[in-house]
Amino acid sequence: MSKDQILKNTNAKLLDQFNASVMFDKELYAQDIKGSIAHSKMLALQGIITVEDQEKIEAGLLRIKSEIEAGEFEWKIEHEDVHMAIESKLTEYIGDAGGRLHTARSRNDQVATDFALYVQDKTIVIKEKLENLIKTFVDIASKHTETLIPGMTHLQHAQPVNFGFHMLAYANMFKRDYERFVSSYERNNNCPLGSAALAGTPHNIDRFKTSELLGFDAPTACALDTSSNRDFALEILFNISTTMMHISRISEELILWSSYEFGFVKMSDEYATTSSIMPQKKNPDVPELLRGKTGRVYGNLMGLLTVMKGLPLAYNKDTQEDKEGVFDSVATAEISIDILTSVMDTLIINVDAMENACKVGHLSATDLADYLVQKANLPFRTAYYITKDVVAVANKLGKDMSELTIEEIRGANSEVASINDDILEYLNLRNSMNARTSFGGTSTARTQEQVKYFQEWLDGLN
Ligand code: ARG
């Protein structure tokens, strides 16, 4: 073979490979078959194909589906994509009738339909997984509404809160995620099929029927928009990114909390791995991976946003690049939510370490300032500076503010020289936590109220 011939052959092969999506879009086989069956039913109902042909098409497609599921279907690059692979197999099985299936549709609305069905299916799966995760946070919260933990800002001790309250912060984040999946599902529940290549079709189709058969609310409104719209894919990528960001934040806390310096929690042995060189170590690989995977998930979102940004209407082949990132983000979200759920479920909580840590950093300092505002009617800023003096005295004595005697407080600043000794009650750490009774505050009573709210919300989902 001459060099030119070799190059020509190689190029043809390379181009096939380059152009093909079948090796990844075969993931959509079930949606493709479901969409085709619905389309064929509608075509028969409209008298566009015969009932016999429809029956042959449906039986053929179901046969192909079971072959795929049994691992007996041969995916070939030369078929380019999942749609062509299934259609050509169908024609091989049922002859002419197979060729009638593609009447009044194009691969443009077909792929949009398959992908929308996939995104909708996965939205439900992820939403249900989130429900379990939220439940786990609420269960932990219900058991720890009186467990003190240092509440922090800037990763510095700030005010005492209870651990249940801290868990509910995550329950709130994941509830917003849950609601984002609900709302994107509702917004995107429209059927692309029948938009055809870009402009609709002259055949007398019933798009409402197809939409109904596939479980969508209605057909999409504009064929031109439909054939290149990928907003639904972007939405699931964004929803997953935000969920992973929340997963990454709790992972970061678990990593910190399980360090020697914090010692607040211990992850069950199955979630901690040993070092290959330091036998004494237990590493938090699992939350580290959860945190790390978040990066790739963000990349998938940025990738598709970038693919879409320069596309003129309507379909362009660039859009074929929409799938791998979505498949990857979906798989990552599914496993990450499940893994985090079991990490949290088996977490060993060291109540003593959390409560001891509260005795460092003058967590009840704000309570003195609040006391002076409420009891002595001082402007908050004045009270703030007096409190600063008391903190300085505590630092000098090497004590936490909650451990100062009344004399030590009175000696700190002339403005508090005769302060009532009930201030000691206010500086008590548990009282400080329980004083925060404003709506959404950390007091045990408010936290219990939130736990109840969440339990009712969860009950209401089913
Ligand atoms: N494999 C293609 C994709 O995923 C299917 C649509 C092809 N349409 C076309 N006009 N070439 O986007």
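What you are looking at is a predicted structure, and each value in this text was computed from that prediction instead of being measured. We count ligands from 1, going down the list as the structure has it; atoms in each ligand are counted the same way.
- The existence of a salt bridge linking K89 and E92 is confirmed by a sub-4.0 Å separation between a basic side-chain nitrogen and an acidic carboxylate oxygen.
- Contact check for P287 versus V343: no side-chain heavy atoms found under the 4.5 Å cut-off.
- Residue Q320 has at least one nitrogen or oxygen atom sitting less than 3.5 Å from a nitrogen or oxygen atom of ligand 1, judged on distance alone.
- Using the six-membered ring where Trp is involved, F327 and Y118 have ring planes that are perpendicular, over 60° apart on the 30 and 60° scheme.
- If you number the atoms of ligand 1 from 1 as listed, the ones under 4.0 Å from a heavy atom of S21 come out as 1 (N).
- In the candidate list Q110, M84, E321, R107, R107 is nearest to atom 11 (N) of ligand 1, counting heavy atoms.
- Given atom 12 (O) of ligand 1, the protein heavy atom at minimum distance is Y315 OH, 2.4 Å.
- Residue-level proximity to ligand 1 for E80 is absent, since no heavy atom of it falls below 4.0 angstrom.
- Side-chain contact, R230 with T319: no donor N or O sits under 3.5 Å from an acceptor N or O.
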Checklist entry - Where do T145 and N162 land on the side chain to side chain donor-acceptor pair (under 3.5 Å) test, with the steps shown first? => result CA-CA 6 Å; T145 59; N162 69 70; 5.8 Å; no

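- The shortest heavy-atom contact between M84 and H79 is CB-O, 2.9 Å.
- Among N316, V22, D81, N108, the residue whose heavy atom sits closest to atom 10 (N) of ligand 1 is N108.
- Remark: ligand 1 and K323 share an N or O pair separated by less than 3.5 Å (distance only, no angle test).
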